[in-house]
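The figures that follow rest on heavy atoms only: side chains count, while hydrogens, waters and symmetry mates do not. Quick note on labels: first sequence line is chain A, next is B, and so on, each numbered from 1.
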2 protein chains.
Amino acid sequence: MLRAAVALFIRKGYDATSIDDIAKSLNVTKSAVYHHVSSKEQLLAEVLDEALDELDSAVDAATRGTGPASERLRDVVRRSVEVLVAHQSAVTLLLRVHGNSDTEVAALRRRRRIDRALASLVNEAVEEGALRADLDPDVLSRLLFGMVNSLVEWYRPNGEISADQLASTVAALAFDGLVRA
Amino acid sequence: MLRAAVALFIRKGYDATSIDDIAKSLNVTKSAVYHHVSSKEQLLAEVLDEALDELDSAVDAATRGTGPASERLRDVVRRSVEVLVAHQSAVTLLLRVHGNSDTEVAALRRRRRIDRALASLVNEAVEEGALRADLDPDVLSRLLFGMVNSLVEWYRPNGEISADQLASTVAALAFDGLVRA
DNA sequence: GTCTATAAAGCGATAGAC
DNA sequence: GTCTATCGCTTTATAGAC
């Protein structure tokens, strides 16, 4: 039920998906769908909460860690990739939210909190001296997690590359760059 | 007119924006809008073509260049950032297209052509020996341009950082990485 | 738990007056 | 070039039978 809805939300977009679309994909009528969920918006809220809970826990672990910020940043990059792979549908929808309803506005607020925590971590790592200081840390943070988040648009788990390999590739590219060492 | 529509498409999403929304933002009625445009879909098509034309020309320049692939890749990364900044609205909408209409399907086809050309360039640069060969070139290409594309979600041209600075930051991060040299 | 039927509102788009 | 009015359709959501 939720899985069918999420699949359509991703393929067509939340706004372009009607309850009737969801019903048809399950070979039932609209009324049958409304027996299980109270509204289309609530369906979205459940998925967004799944994504936000997972990302929160990844970020909280990094924030509360004791080691050097650069190591905690490396860990949260890897953890984020794992979360995006394990909860790809939910995170994909979260990243597409516009703020068109109370549910979406609340999700955006929680997301901004996460983004701010990640930016703080990058700033800390730069101040530590572990990361380059010649570039704006806030811009670096946005680019870094923009790269991480972009993988929801193309990664397919059934392929040849595992979540673990992907996390290593992302971390290697982000920290060491494209150029041959 | 087009500008008002695009602003709303970006703020609320194309599907969640009605012709009446556009009309109200211009303080006219729906009919006045339809006097200037033939359909909501045509409005979207014009914007997507703007973005695709610009990206095409950036990629074509890199593809037809004569220097080393790694230099042409550096150039196309910089040029891409400049295009995303100069045509941010159009590119933002392009990156959000789902394929819900003929217009959107056609745009996705053109976009895939561009992505393939960029992936070829990354492959070439790896074969040349200029870029690291320990990571999958196709994955590198996706992550690199995922990072580039992600800037449409946060960059604001009125701020303190110029398009040129941003292009330098993106290139520096992508090629040399986060770690202090 | 699923159905038919329907309400109430919004949608894209058009006709025709001014 | 903008308006009022309207068509035809789809939307979210509910009522009530089985």
Side-chain angles (χ1 to χ4, degrees), chain A residues 1-51 89-90 92-94 96-108, chain B residues 1-52 89-90 92-108:
Chain A
M1 166 83 256
L2 191 70
R3 279 209 317 275
V6 169
L8 284 168
F9 289 168
I10 287 178
R11 194 184 322 146
K12 307 181 55 171
Y14 172 76
D15 293 301
T17 302
S18 69
I19 298 283
D20 201 40
D21 288 334
I22 300 168
K24 280 189 177 115
S25 89
L26 294 166
N27 283 310
V28 294
T29 61
K30 271 193 293 185
S31 301
V33 173
Y34 274 110
H35 184 261
H36 296 278
V37 303
S38 63
S39 73
K40 186 179 153 185
E41 197 176 329
Q42 182 224 329
L43 219 40
L44 180 64
E46 282 180 36
V47 185
L48 297 183
D49 277 338
E50 175 194 334
S89 302
T92 302
L93 290 176
L94 175 65
R96 291 181 182 171
V97 157
H98 292 295
N100 291 338
S101 63
D102 293 346
T103 298
E104 297 194 7
V105 170
L108 282 179
Chain B
M1 166 83 255
L2 190 69
R3 280 209 315 276
V6 169
L8 283 168
F9 289 167
I10 287 178
R11 193 184 323 146
K12 307 181 55 171
Y14 172 77
D15 293 301
T17 302
S18 69
I19 298 285
D20 202 41
D21 289 333
I22 299 168
K24 280 188 178 117
S25 89
L26 295 166
N27 282 310
V28 294
T29 60
K30 267 197 292 186
S31 302
V33 172
Y34 274 109
H35 181 74
H36 297 277
V37 303
S38 64
S39 73
K40 186 179 156 185
E41 196 175 330
Q42 182 226 325
L43 220 39
L44 180 64
E46 281 180 38
V47 185
L48 298 183
D49 276 337
E50 176 193 333
L52 287 161
S89 302
T92 303
L93 290 176
L94 174 64
L95 294 174
R96 291 181 183 173
V97 157
H98 290 296
N100 290 338
S101 63
D102 292 346
T103 297
E104 296 194 6
V105 170
L108 282 180

Residues in side-chain contact (heavy atoms from CB on, under 4.5 Å) with [X], at least two apart?
{"X": "A/A107", "value": "A/L48, A/L52, A/L94"}
{"X": "B/A7", "value": "none"}
{"X": "B/E104", "value": "B/Y14, B/L44, B/V97, B/H98, B/N100, B/S101"}

query = Hey, can you pull the residues of residues 34-43 of chain A with a non-hydrogen atom under 4.0 angstrom from DNA chain C?
reply = A/H35, A/H36

Close residues, residues 14-33 of chain B, relative to DNA chain C [heavy-atom separation under 4.0 Å] = B/T17, B/S18, B/I19, B/K30, B/S31

query = Considering all heavy atoms of both residues, which atom of B/F9 and which atom of B/R96 are nearest to each other, and what is their separation?
reply = O-NH1, 4.1 Å

request  = Check B/S89 against B/V6 and note the closest heavy-atom contact, atom names and distance.
outcome  = CB-CG1, 3.4 Å

Got a sec, which residues hit salt bridge (charged side-chain N to carboxylate O under 4.0 Å, His left out) with [X], two or more places apart in sequence or on another chain?
{"X": "B/K12", "result": "B/D21"}
{"X": "B/D15", "result": "none"}
{"X": "A/K24", "result": "A/D20"}

note = dist A/L2:CG -> A/L43:CG (nearest 0.5 Å) comes out at 5.5 Å

note = Output for pair (B/E46 CD, B/T103 OG1), nearest 0.5 Å, gives 10.5 Å

Contact boundaries on DNA chain C for chain B, cut-off under 4.0 Å to non-hydrogen atoms = C/dC11 to C/dA15

Can I get a per-line list of side-chain donor-acceptor pairs under 3.5 Å for residues 26-38 of chain B, giving both atom names and the distance, sequence neighbours left out?
{"unit_1": "B/S38", "atom_1": "OG", "unit_2": "B/Q42", "atom_2": "OE1", "d": "2.7"}

note = Note: contacts of residues 1-10 of chain A with DNA chain D (heavy atom, under 4.0 Å) are none

remark   = A/T92 meets the side-chain hydrogen bond (donor to acceptor under 3.5 Å, both in side chains) criterion, sequence neighbours left out, with none

